[in-house]
There are 2 protein chains.
Amino acid sequence: MYVTIPSDQKVNGSFVPLASAQPKPVETRLKSGSYLYFEGDDVEWLYQVTSGAMRLTRLLPDGRRQVIAFGYPGDIIGFPANGLHHTDCEALTDVRLQPFRRSVLETGEGDPALHSALLQAALREISAMQDHFMMLGRKSATEKLASFLCVLSERVGEDLGAYRQIHLPMSRSDIADFLGLTTETVSRTFTLLRKSKIIAIENIHTIIIQRPTALMGLSAGDDK
Amino acid sequence: MYVTIPSDQKVNGSFVPLASAQPKPVETRLKSGSYLYFEGDDVEWLYQVTSGAMRLTRLLPDGRRQVIAFGYPGDIIGFPANGLHHTDCEALTDVRLQPFRRSVLETGEGDPALHSALLQAALREISAMQDHFMMLGRKSATEKLASFLCVLSERVGEDLGAYRQIHLPMSRSDIADFLGLTTETVSRTFTLLRKSKIIAIENIHTIIIQRPTALMGLSAGDDK
DNA sequence: CGTCTTATTGACGGTGCTCAACGGGTGTGG
DNA sequence: CCACACCCGTTGAGCACCGTCAATAAGACG
């Protein structure tokens, strides 16, 4: 999952599992905190997240970190470049994954429909990353966090009467490294949104969106 | 072209044109300043840049702009998402392009080798964009510009005795919108690099790298 | 040669980072 | 079950970097 400008194209809550004509490899399960792969590992499998949430990160030699994406149900993770993984990938919660052989993406190997579905996922990934560029390069801290919450609300928000509730499995520093901010700024911006009654912070990992329209406005820069 | 951490994998100056088994569609030529496509257009063709340079941009409703990438010889541009272009694409110079039918990427249509080559290009694109995330989110103005010049030097630099020369077909504001800065900051940072004798500015569009190692150091954050 | 655009430089201010202290929640061991 | 410690998140103060606004200089183009 990247932070993108919320599109007209509504995702209807549930995701479409990729259908394979072949006998399915066994579903993979992963405990919270364990790693699926590391940067530099050979790619043997791609995965579609079935339940839970993953975190993809990249490191600079000096320790600076960028969270590349969060992997939510429906997302495909593990696209290879030159046959290698280029991020670390850790489970933020207990996770279930549907594995697909790398060869299905790269050679089509006996399953044209699945090959095509994986290719389309890669192309959507490119487009989503382009949106994310705009956010990293051109948005303020408030716009970034508002955008983040909007996208999460669409993807994995739960209705709660008039409001909408989001569970955040990741830490504040994960959010900071995803948005190109510091934990302090993320924390301050949460407080700002809370004090303007746009969100309520049920607990550290649970946010309630009280004024969705205002949040959408902030994500597009309406305060300017 | 994205700004990435210069990799070990050297590109040997020239690029590899994608081979097609089919009779080639006619090479496309484009005048400097003309647009190849716009955001929202249907994708019929992908293109490999043969000579010249392209600029891919995206706009926010309020006018803020992000340059997504520059297209240099060897680069594939025009990957579709849901069948549509998601950037505007303008020629920065007179340009020659080798077109490929979208269907070759999406269905493989009679040319498996070309299909595979385009797919690999898409996967490399994803990896390069991940590097660019790190740069947009986590690097200072000096690191950004130094990284930019390093990558350009590798890709399209020309040897000039002991030094190396880069031609910059794009404007300062293109560079700014690519790196997530303002034109003023780009200009000031150029001046900074010039005053520390790391680069010389032959003219607005021509940069000479006098101390490549120092520039590499700055791009990785050695000043900190 | 004149006009218009683009780049540079300067002054200033604000957003977000740094450094630091504090608080609260969670987990562990007694 | 409680005590304690540790980690994570929050808050504060100060500052640096970079953005904003403005003036000037340098090119580009007709």
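Source: prediction; values computed, not measured. Convention: sequence-line order gives letters A, B, ...; per-chain numbering from 1.
The CG atom of B/Leu192 sits 19 Å away from the P atom of C/dA7 (whole-angstrom rounding). In this structure, the CZ atom of A/Arg64 is 15 Å from the C1' atom of C/dT18, given to the nearest Å. Taking atom CG on A/Leu145 and atom P on C/dG16, their separation rounds to 11 Å, with Å as the unit.
Using a 3.5 Å distance cut-off with no hydrogens or angles, the side chains of B/Ser51 and B/Arg96 do pair a donor with an acceptor. Between B/Glu143 and B/Ser140, the side chains place a donor N or O and an acceptor N or O closer than 3.5 Å (distance only, hydrogens not considered). In the model, B/Thr87 has no side-chain atom that pairs as donor or acceptor with a side-chain atom of B/Arg58 under 3.5 Å.
One finds no side-chain N or O of B/Arg194 lying less than 4.0 angstrom from the OP1 or OP2 phosphate oxygen of C/dA7.
Listed for the B/Gln165 side chain is no donor-acceptor partner under 3.5 Å among the backbone atoms of B/Thr206.
Note on A/Thr183: nothing from the nucleic acid sits closer than 4.0 angstrom, heavy atoms only. Counting non-hydrogen atoms under 4.0 angstrom, B/Ser187 reaches a base of the nucleic acid.
The aromatic rings of A/His132 and B/Phe133 sit perpendicular, their planes meeting at an angle over 60°, well past the 30° parallel limit. Ring geometry for B/His167 against B/His205 counts as tilted: the plane angle lies between 30° and 60°, on a 0 to 90° scale.
In this structure the side chain of A/Met134 reaches within 4.5 angstrom of the side chain of B/Leu60, judged on heavy atoms. Counting only heavy atoms from C-beta outward, the side chains of B/Val151 and B/Tyr2 never approach each other to under 4.5 Å.
The side chain of A/Arg188 lies closest to C/dC17, out of C/dC17, C/dT9, C/dA7. For A/Ser140, the side-chain atoms get nearest to C/dG16 when compared with the rest of C/dA7, C/dA20, C/dG16. Looking at the side chain of A/Glu184, the nearest of the listed nucleotides C/dT9, C/dT18, C/dC17 is C/dT18.
Sequence order on DNA chain D of the closest nucleotides to A/Lys195 and A/Ile204 puts A/Ile204 first from the 5' end.
Residues from residues 174-181 of chain B with heavy atoms under 4.0 angstrom of DNA chain D, sorted by number: B/Gly180, B/Leu181.
Using a 4.0 Å cut-off between charged side-chain N and carboxylate O, A/Glu90 and A/Arg55 make a salt bridge.
Taking every nucleotide of DNA chain D with any atom under 4.0 Å from a non-hydrogen atom of chain A, the first and last of them, 5' to 3', are D/dG9 to D/dA13.
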